[in-house]
Amino acid sequence: MSGLSEIIDEVLSLVKTSRIFKDRKILLPDYVPDELPHREEQIRKLASILVQVYRGEKPSNVFIYGLTGTGKTAVTKFVLNNLHKRFPDTFRYIYVNTRNSDTPYRILADILEGLGVRVPFTGISTAELFKRLMSQLRSIKYVLIIVLDEIDAMVKKHGDDLLYRLTRVNSELGSPKISIIGITNDVKFIDTLDPRVKSSLSDEELVFPPYNADELRDILWRRAKSGFVEGAVGEDVISLCAALAARDHGDARRALDLLRVAGEIAEREGRNVVTTADVERARLEIERDRVFEIVTTLPLHSKLVLLAVIQGSKSGKSLTTGEVYELYTKLAKSLGLEVITQRRVSDILNELDMVGILSAKVVNRGRYGKTKEVKLAVPVETLVKALDSTVKELDGI
DNA sequence: CATCCACAGGAAGGACGGGGGT
DNA sequence: ACCCCCGTCCTTCCTGTGGATG
């Protein structure tokens, strides 16, 4: 029976002797490299729009589309970084990821914090925050570029009111001071916007096509050269990562994650070379972590609904909303819990679909009504592991 | 060809806990 | 101390719907 410190020593010695990574941070998803291959056209266009700031003038608003992992965020940060190095006094920029800050309140709070204003977590109204932002903006002398990454998520939940008000800030101030860069991975998104917002935000538009397998391979090679020790990864490993990610709509982030995690697996085992088997294991590990994170933070009744779906999926075929509800009701009652309504369960099923844990497709079965076909989208074992602790807690009741 | 199933999913709102302003 | 605002879950009530069936 070995103690914890022994285990740590053992892992450490393996990691020390392993020569896999030269500089691991280069392979992290938010690392912005100093060259972005296959995005030259987008870089040039974005730079030519934003370069206005050199005279202290406000650039046009920009709208950027492209699926996840197509380099939208990297290109935007890259261009802004470089521009800021060149013209440090004429403008500032604030980057807000709307997935993390997905309410108008949080977005405004993030912007204010970017301007150096401390704001309470909650408690005051959004209108009050907006007032504070306006008074802050009145005092600044530079151009402010606000990057709203993944705005589709926020707008879908809370409407485009905030966007509308942000686009009007300039006329309210009486002098043009802020530009907005909107980033979305939903191409149809812009059509759902208020026409006024739409025309204002999409002064300029940029499209980021997915990377193909060759481009992904090239990107991975470049990163691997500075991130990995020479000889640690071979052609086969890179190609597999590229192929897997290309299948997944050309997502470079995913390709890099696969490569990095595969490297970590090899490192943990004290090897000096990453194999294709490591990539395969990395794929499973990434999926497991994602599911685990999502499932453990689910509210109680969402977990119960998921358990009901697992129960009903034993035979492998799909369930209807009604069937899920029936199973859920039995489960909740057997635990002595209040049951929630079918309306709510219907929403929960959609939420679980959205995060990719199950698929809930709406189907019309004519005489037999309109319903959802619910199926698990991840292996049962993964879910069972993630729900394990919850089940134990519930058993305790 | 109308009907009618089994829900979908919008709208409005309420309880509640965390966190303000004054 | 008291009132206000927020997001999160949830309810109630509701109108809408594609296509197999009679």
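Naming convention: chains lettered A, B, ... in sequence-line order (proteins, then strands); numbering from 1 in each chain. Note that the structure is a prediction, hence the values are computed from the model and not measured.
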Scoring nucleotides 9-22 of chain C by protein non-hydrogen atoms under 4.0 Å (B base, S sugar-phosphate only, - none) yields SBSBB--BBBBBS-
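Applying the salt bridge (Lys or Arg N to Asp or Glu O under 4.0 Å) rule to A:R222 yields the partners A:E35, A:D218; only residues at least two apart in sequence or on another chain are considered. Residues satisfying the salt bridge (Lys or Arg N to Asp or Glu O under 4.0 Å) test with A:R283, not counting sequence neighbours, are A:E280. Under the side-chain contact (heavy atoms from CB on, under 4.5 Å) criterion, A:D214 pairs with A:N212, A:R217, sequence neighbours left out.
Along DNA chain B, the nucleotide nearest to A:R132 and the one nearest to A:S346 differ in position, and the one closer to the 5' end is contacted by A:S346.
The list of salt bridge (Lys or Arg N to Asp or Glu O under 4.0 Å) pairs with a residue in residues 126-146 of chain A, not counting sequence neighbours, reads A:E128-A:K131, A:E128-A:R132. The salt bridge (Lys or Arg N to Asp or Glu O under 4.0 Å) contacts involving residues 330-343 of chain A comprise A:R343-A:D347, where partners must be two or more places apart or lie in separate chains. Residue pairs meeting the salt bridge (Lys or Arg N to Asp or Glu O under 4.0 Å) criterion with at least one partner in residues 57-71 of chain A, sequence neighbours excluded, are A:R55-A:E57. Pairs passing the salt bridge (Lys or Arg N to Asp or Glu O under 4.0 Å) check and including a residue from residues 360-386 of chain A, sequence neighbours excluded, do not occur.
Across the protein-nucleic acid pair, A:K372 atom NZ and B:dA8 atom C1' stand 6 Å apart, rounded to whole Å. Taking atom CD on A:E128 and atom C1' on C:dC4, their separation rounds to 12 Å, with Å as the unit. With rounding to whole Å, A:E351 atom CD is found 15 Å from B:dA8 atom C1'. Rounded to a whole Å, the CG atom of A:L349 is 13 Å from the C1' atom of B:dG9. Rounded to whole Å, the distance from OH on A:Y105 to P on C:dC4 is 17 Å.
Checked against the 6.0 Å centroid criterion, the rings of A:Y65 and A:F63 qualify as a close aromatic pair.
DNA chain B lies under 4.0 Å from at least one heavy atom of each of the following residues of residues 318-333 of chain A: A:T320, A:T321, A:G322.
Taking side-chain N and O atoms only, A:T126 has no distance below 4.0 Å to OP1 or OP2 of C:dC5.
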